[in-house]
Amino acid sequence: MSMKSSDTTNKKPREKSALYPAVSISECYDFIKQIDSLGGKAVSYASILNLMGLTSPTTRSFLNRIGASKQFGFITTGGSTAQLTDLARRILYPNTGEFESKKLLIEAFGNPPLYAKLIERFKDKAVPPQSQLGNILMNEYRIIKQVKDNAAKCFIESADYLGLLNNGVLCMDDVTNQSQNCSSFQEVQTAQSDYAEPSQAIESQTHQQEDGYLFEIPTMGKKTARFYIPDGVTEKDIDYIKLYIEKMLPVFLENLKTEL
């Protein structure tokens, strides 16, 4: 008896993680489609499980979808039932088409408390690689070690699914301007092996083409690095491109130097 009591006393409490979506927003989008196919209102867990080919409401894949969908604001639950929110219905049945659905999904992306903090931190900045982001989540956001990598993976996958990652930069501009503001430029750079003296370099040149502008930078190895900017850009686009180059191009070049 005393031995059992001692074992109970020495047993460590299970470490709890801060709240985070355990699946991506795309998986939740598919999940609410399933709930909608069953009526959308007060759908029993048993019905959802049957549709998913599962048997137990404690199955991790089911609980993860329930929890994440609640955080994104897609469902409410009670009495072992799930019900679609008005937000979910507007996403599934938009008044003005697919464009409205995407805009609402982007708004929902910021609903989970953790994601709201990450968006504030990384807006218009490069999102760290998954392993590094996982460590940040553990050290600064109380996500436990066992789930930190999955939490990071789901955030990156969700942002990528919504088209919010542009060359690794989190673009959270209004979706109506997203196609312009988050399409800064494409880089095409050739690696050089033989270098000439700097005095041999010629001036950079800009060429206007039918579909945009090509900015050429000669290398000392007589090869050319190129930046392409599409036609139809605005002054806001140009300011964004300039800011992006100032922040990200030095990092890209330093990384490239280590690979050559």
Side-chain angles (χ1 to χ4, degrees), residues 3-35 45 48-49 52-85 87-88 91 105-165 168-172 251:
M3 180 66 71
K4 291 182 179 180
S5 177
S6 176
D7 290 343
T8 303
T9 303
N10 295 330
K11 189 176 181 180
K12 294 182 179 179
R14 185 177 179 180
E15 188 177 7
K16 297 185 67 173
S17 177
L19 192 64
Y20 74 99
V23 296
S24 70
I25 198 169
S26 64
E27 292 175 272
C28 291
Y29 183 40
D30 291 337
F31 186 60
I32 62 173
K33 287 180 181 178
Q34 292 178 311
I35 296 176
Y45 285 0
I48 302 171
L49 287 165
M52 296 176 67
L54 303 173
T55 57
S56 173
T58 60
T59 304
R60 184 177 298 275
S61 60
F62 176 73
L63 291 178
N64 286 347
R65 282 162 176 75
I66 287 286
S69 296
K70 288 175 69 174
Q71 290 183 63
F72 286 120
F74 295 155
I75 64 171
T76 58
T77 61
S80 296
T81 64
Q83 179 169 321
L84 296 179
T85 62
L87 171 62
I91 290 171
L105 281 169
I106 290 175
E107 291 177 3
F109 176 61
N111 284 338
L114 175 64
Y115 283 15
K117 295 174 183 176
L118 293 178
I119 290 169
E120 181 179 5
R121 176 169 181 165
F122 294 114
K123 181 181 178 181
D124 296 329
K125 298 177 183 177
V127 176
Q130 179 179 317
S131 59
Q132 184 180 344
L133 179 59
N135 291 339
I136 292 173
L137 294 178
M138 181 181 70
N139 294 325
E140 301 182 33
Y141 295 92
R142 298 187 301 106
I143 302 298
I144 62 174
K145 180 180 179 181
Q146 292 87 332
V147 300
K148 66 182 180 67
D149 292 331
N150 183 56
K153 174 176 172 286
C154 290
F155 178 80
I156 293 172
E157 285 186 352
S158 295
D160 187 51
Y161 171 76
L162 295 172
L164 300 176
L165 289 179
V169 174
L170 183 63
C171 301
M172 292 300 300
V251 176

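- The heavy-atom pair separating Ala159 from Leu170 by the smallest distance is CB-CD1, 4.1 Å.
- Nearest approach of Ile66 to Ile75, heavy atoms of both residues: O-CD1, 3.7 Å.
- To the nearest 0.5 Å, atom CG of residue Leu164 and atom CD1 of residue Ile106 are 5.0 Å apart.
- By the side chain to side chain donor-acceptor pair (under 3.5 Å) test, Glu140 pairs with Arg121, sequence neighbours left out.
- No side-chain heavy atom of Tyr20 sits less than 4.5 Å from a side-chain heavy atom of Leu118.
- Considering CG of Asn64 and SG of Cys154, their distance stands at 8.0 Å, rounded to 0.5 Å.
- Thr59 pairs by the side chain to side chain donor-acceptor pair (under 3.5 Å) definition with nothing, not counting sequence neighbours.
- Within the 4.5 Å cutoff, side-chain heavy atoms of Pro57 are placed close to those of Leu49.
- One finds the CD atom of Gln146 at 10.0 Å from the CE atom of Met138 (value rounded to the nearest 0.5 Å).
- When every heavy atom of Val23 is checked against every heavy atom of Ala68, the shortest pair comes out as CG2-CB, 3.6 Å.
- The side chain to side chain contact (heavy atoms under 4.5 Å, CB included) search around Pro129 returns Gln132, not counting sequence neighbours.
- Nearest heavy-atom pair across Gly73 and Leu87 is O-CD2, 3.7 Å.
- Among all heavy-atom pairs drawn from Ala88 and Ile32, the shortest one is CB-CD1, 4.0 Å.
- Applying the salt bridge (charged side-chain N to carboxylate O under 4.0 Å, His left out) test to pairs two or more places apart or on separate chains, those with a residue in residues 65-74 are Glu27-Arg65.
- Counting only residues at least two apart or in different chains, side-chain hydrogen bond (donor to acceptor under 3.5 Å, both in side chains) contacts with residues 147-156 comprise Asn135-Lys148, Lys153-Glu157.
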For this session: For side-chain contact (heavy atoms from CB on, under 4.5 Å), just list the numbers for Phe31 and Met52, CA-CA rounded to whole Å, side-chain angles, deciding distance to a tenth of an Å, and then say yes or no.
Result: CA-CA 9 Å; Phe31 186 60; Met52 296 176 67; 3.7 Å; yes
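- Taken from CG in Leu162 to OG in Ser24, the straight-line distance is 9.0 Å, to the nearest 0.5 Å.
- For residues 140-159, every residue pair satisfying the ring pair (Phe, Tyr, Trp, His ring centres under 6.0 Å) rule, not counting sequence neighbours, is listed here: Phe109-Phe155, Tyr115-Phe155.
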For this session: Check step by step if side-chain contact (heavy atoms from CB on, under 4.5 Å) holds for Thr85 and Phe72.
Result: CA-CA 10 Å; Thr85 62; Phe72 286 120; over 6 Å; no
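- The side chain to side chain contact (heavy atoms under 4.5 Å, CB included) search around Ala152 returns Gln130, Leu133, Leu137, not counting sequence neighbours.
- A search for side chain to side chain contact (heavy atoms under 4.5 Å, CB included) contacts involving Lys33 returns Tyr29, Asp30, Leu92, not counting sequence neighbours.
- Taking each heavy atom of Ser17 and Ile144 in turn, the nearest pair found is OG-N, 3.4 Å.
- Phe62 is linked by a ring pair (Phe, Tyr, Trp, His ring centres under 6.0 Å) to Tyr45, counting only residues two or more places apart in sequence or in another chain.
- Checked against side chain to side chain contact (heavy atoms under 4.5 Å, CB included), Ser131 has no partners two or more places apart in sequence or in another chain.
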